Amino acid sequence: MSRPPEDILLEITGLKTYFFTEEGVVKAIESVDLVVYKSETLGLVGESGSGKSVTALSILGIVPDPPGKILSGQVVFHGQDLRKLSDADMRKIRGNQIAMIFQDPMTSLNPVFTVGDQISEAIMLHQKVTKKEAREKSIKIMSLVGIPSADERVDNYPFEFSGGMRQRVMIAMALSCNPELLIADEPSTSLDVTIQAQILELLKATSEEFDMSIILITHDMGVIAEMCDRVAVMYAGYICEVGDIMLIYKNPFHPYTRGLLGAIPRPDAEREDLQIIRGSIPNLINPPSACRFHPRCDYMMHELCEIVLPELVELEPGHIVRCHLYTEEGKAWMQERGEKKEISKMPKAVTTI
């Protein structure tokens with residue numbers, strides 16, 4: 001269900017980000033329109049190469065330049081377009097009001113500084129506290145995220161922590177200034193299953209305690225079902241479908257969303273219940289025309305999906321999809337040819353998630 005405009009924390013409109021490389025122009029983000037509400041967890045899901053991480057970097061304005069460049073779009077946070085702010089003003093927001101947990105904690109942490117120094121640095125940058133007060137707050141936040149003997153481990157270096165503990169350090173650093181929005185980019189990907197569950201549970205608990213919104217980036221639809229209030233499905237630089245978690249899982253409209261859900265293995269599923277999405281993510285230096293999913297889509301309308309990019313259509317309150325199966329152009333195409341393309345019924349194994 002859609003929420004009132006005053007609940008909007010972040011609104012992205014028409015975001016476009018390219019990378020200019022020697023091989024050619026990588027059209028990583030072609031058009032992203034997205035809303036994040038206060039105190040919600042929004043899942044951003046899609047295969048590797050869909051543009052999820054680039055979207056996160058674009059929000060914070062930290063796309064590496066060169067070769068990357070944000071060409072157009074608005075990123076409005078608290079009614080202010082972040083793209084119009086100076087570098088100095090953006091530095092006041094990064095890590096303070098909007099924080100990010102990166103995919104690999106080992107490469108994100110500086111190996112020559114203690115974890116306490118690195119957490120304290122973020123605190124002192126945004127808050128008027130002494131070095132001693134910053135250290136005390138670092139110990140407190142480390143304890144909060146489940147690091148044992150935090151008063152001793154605050155002086156350890158990143159290599160002295162396990163992968164799960166390094167990820168907890170990254171979460172502590174992100175939470176140190178009580179951000180309103182946390183972007184978690186695959187926060188549990190490199191961890192074993194038990195630690196993954198602990199990290200995800202930690203994120204859920206801290207989001208409630210800090211009354212914080214989260215953008216959770218992942219390719220795991222199971223994690224999305226467990227963690228998120230809403231989900232945005234992304235493919236090759238476009239948002240395909242957005243909706244409340246129960247709407248998407250019970251009645252997904254886009255063929256790509258249905259493919260992702262249909263490929264989830266379940267203990268009670270029959271072999272024939274599992275689906276596959278043929279093909280793979282395209283090369284974004286030379287992506288397919290119009291709807292970038294059409295070469296892999298079982299419902300493609302020739303001469304329409306290849307030429308005309310479908311608009312985002314709201315089919316029910318809070319449930320938006322980008323597909324010609326639901327546009328006026330698509331309905332006219334089917335009527336002219338006497339064809340009726342209907343989305344197949346989802347397997348039982350999926351609808352019971």
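Counting from 1, the numbers follow the sequence of the chain as shown. Note that the structure is predicted; figures quoted are calculated from it, not measured.
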J.: Any idea which heavy atoms bring L109 and P158 closest together, and the distance?
T.: CB-CG, 3.9 Å
J.: Does F20 CZ have over 12 foreign heavy atoms under 6.0 Å away?
T.: yes
J.: Closest heavy-atom contact between E47 and S50?
T.: O-OG, 2.7 Å
J.: Less than 4.5 Å apart, any side-chain heavy atom of I101 and any of I171?
T.: yes
J.: Could you tell me whether the side chains of D185 and S53 share a donor-acceptor contact shorter than 3.5 Å?
T.: yes
J.: Counting only heavy atoms from other residues, nucleotides and ligands, does the tally under 6.0 Å from CD of E329 exceed 12?
T.: yes
J.: What class does the angle between the rings of Y256 and H254 fall in, given that below 30° is parallel, 30 to 60° is tilted and above 60° is perpendicular?
T.: perpendicular
J.: Might you work through the side-chain contact (heavy atoms from CB on, under 4.5 Å) test for L82 and I98, ending with a clear yes or no?
T.: CA-CA 11 Å; L82 300 184; I98 305 176; 3.9 Å; yes
J.: Is any side-chain heavy atom of I285 less than 4.5 Å from a side-chain heavy atom of K27?
T.: no
J.: Taking M90 as the starting point, is it possible to reach V36 by hopping between hydrophobic residues whose side chains are less than 4.5 Å apart?
T.: yes
J.: Donor-acceptor pair, Y326 side chain versus F253 backbone, under 3.5 Å?
T.: yes
J.: Would you kindly say whether E241 and T257 are connected by a side-chain donor-acceptor distance under 3.5 Å?
T.: yes
J.: What are the two closest non-hydrogen atoms of N251 and H319, and how far apart are they?
T.: O-CE1, 3.3 Å
J.: When you check the gap from the basic side-chain N to the acidic O, do R337 and E303 get nearer than 4.0 Å?
T.: yes
J.: Under 3.5 Å, side chain of D33 to main-chain N/O of G14, donor-acceptor pair present?
T.: yes
J.: Once rounded to the nearest 0.5 Å, what's the spacing between atom CG of L203 and atom CD of Q167?
T.: 8.0 Å
J.: Would you indicate whether the side-chain heavy atoms of E339 and W333 approach each other to under 4.5 Å?
T.: yes
J.: Assess, by modelled atom type and distance only, whether the side chains of S120 and D117 contain a donor and an acceptor separated by less than 3.5 Å.
T.: no
J.: Is there a side-chain contact between M212 and P179 (heavy atoms, below 4.5 Å)?
T.: yes
J.: Considering only heavy atoms from C-beta outward, does the side chain of I59 approach that of I215 to under 4.5 Å?
T.: yes
J.: Return the CG to NZ distance between L10 and K38, rounded to the nearest 0.5 Å.
T.: 12.5 Å
J.: Transitively linked via ILVMFWY side-chain contacts under 4.5 Å: V242 with Y238?
T.: no
J.: Roughly how far, to the nearest 0.5 Å, is CG of L309 from OG of S31?
T.: 7.0 Å
J.: Which heavy atom of I123 sits nearest a heavy atom of C177, and at what distance?
T.: CA-SG, 4.1 Å
J.: As a quick check of understanding, evaluate salt bridge (charged side-chain N to carboxylate O under 4.0 Å, His left out) for R135 and D155, giving each step before the final call.
T.: CA-CA 10 Å; R135 178 184 169 84; D155 294 318; 2.9 Å; yes
J.: More than 12 heavy atoms of other residues, nucleotides or ligands under 6.0 Å from CG of N286: is that the case?
T.: no
J.: With distance as the sole test, does E311 use its side chain to make a donor-acceptor pair with the main-chain N or O of T327 at under 3.5 Å?
T.: no
J.: When you measure from the side chain of R292 to the backbone of P282, do you find a donor-acceptor pair of N or O atoms at a distance under 3.5 Å?
T.: no
J.: So, K92 side chain and H126 main chain: donor-acceptor pair closer than 3.5 Å or not?
T.: no
J.: Under a 4.5 Å cut-off applied to non-hydrogen side-chain atoms, are Q97 and L181 in contact?
T.: no
J.: Could you pull out the closest heavy-atom pair between I239 and R322, with the gap in Å?
T.: O-NE, 3.2 Å
J.: Checking side chain to side chain contact (heavy atoms under 4.5 Å, CB included) against P255, which of D298, L325, V321 comes through?
T.: L325
J.: Tell me whether I307 shares a hydrophobic cluster with Y299, the cluster being built from Ile, Leu, Val, Met, Phe, Trp, Tyr side chains joined at under 4.5 Å.
T.: yes
J.: Is there a chain of hydrophobic side chains (I, L, V, M, F, W, Y, each step under 4.5 Å between heavy atoms) that links I139 to V129?
T.: yes
J.: When you look at CD of Q335, are more than 12 heavy atoms from neighbouring residues, nucleotides or ligands closer to it than 6.0 Å?
T.: no
J.: What's the verdict on side-chain contact (heavy atoms from CB on, under 4.5 Å) for K341 and M301, showing C-alpha distance, side-chain angles and the deciding distance?
T.: CA-CA 9 Å; K341 293 180 179 285; M301 303 178 197; 3.9 Å; yes
J.: For Y37, is there any backbone N or O sitting under 3.5 Å from a side-chain donor or acceptor partner on E40?
T.: yes
J.: Would you say I62 ends up clustered with M173 if hydrophobic residues are merged whenever their side chains have heavy atoms under 4.5 Å apart, either directly or through other cluster members?
T.: yes
J.: Whether the side chain of R296 engages the backbone of R278 through a donor-acceptor N/O pair (distance < 3.5 Å, no angle test) should be reported.
T.: yes
J.: Is a donor on one side and an acceptor on the other found under 3.5 Å between the side chain of R94 and the backbone of L60?
T.: yes
J.: How close do L284 and G49 get, counting heavy atoms only, and between which atoms?
T.: CD1-O, 3.8 Å
J.: For the pair R168 (side chain) and I147 (backbone), establish whether a donor and an acceptor sit closer than 3.5 Å, ignoring hydrogens and angles.
T.: no
J.: Is I214 close to L42 at the side-chain level, that is, under 4.5 Å between some pair of heavy atoms?
T.: no
J.: Does the pair I224 and T218 meet the rule for a side-chain contact (heavy atoms from CB on, under 4.5 Å), with working shown?
T.: CA-CA 8 Å; I224 292 290; T218 181; 3.5 Å; yes
J.: With a 4.5 Å cut-off on side-chain heavy atoms, are V145 and L202 touching?
T.: yes
J.: To the nearest 0.5 Å, what is the distance between OG1 on T206 and CG on D211?
T.: 12.0 Å
J.: Might you work through the side-chain contact (heavy atoms from CB on, under 4.5 Å) test for E30 and Y18, ending with a clear yes or no?
T.: CA-CA 8 Å; E30 192 63 57; Y18 286 1; 2.9 Å; yes
J.: Can a donor-acceptor pair be found between the side chains of E180 and H78 at a distance below 3.5 Å?
T.: yes
J.: Drop me the distance from K137's NZ to I141's CD1, to the nearest 0.5 angstrom.
T.: 7.0 Å
J.: Check whether any side-chain N or O of Y249 sits under 3.5 Å from a backbone N or O of M221 as a donor-acceptor pair, and report yes or no.
T.: yes
J.: Can you measure from CZ (R166) to CE (M170) and round to the nearest 0.5 angstrom?
T.: 11.0 Å
J.: Does a sphere of radius 6.0 Å around CD in E226 hold more than 12 heavy atoms from other residues, nucleotides or ligands, not counting ones at 6.0 Å or beyond?
T.: no
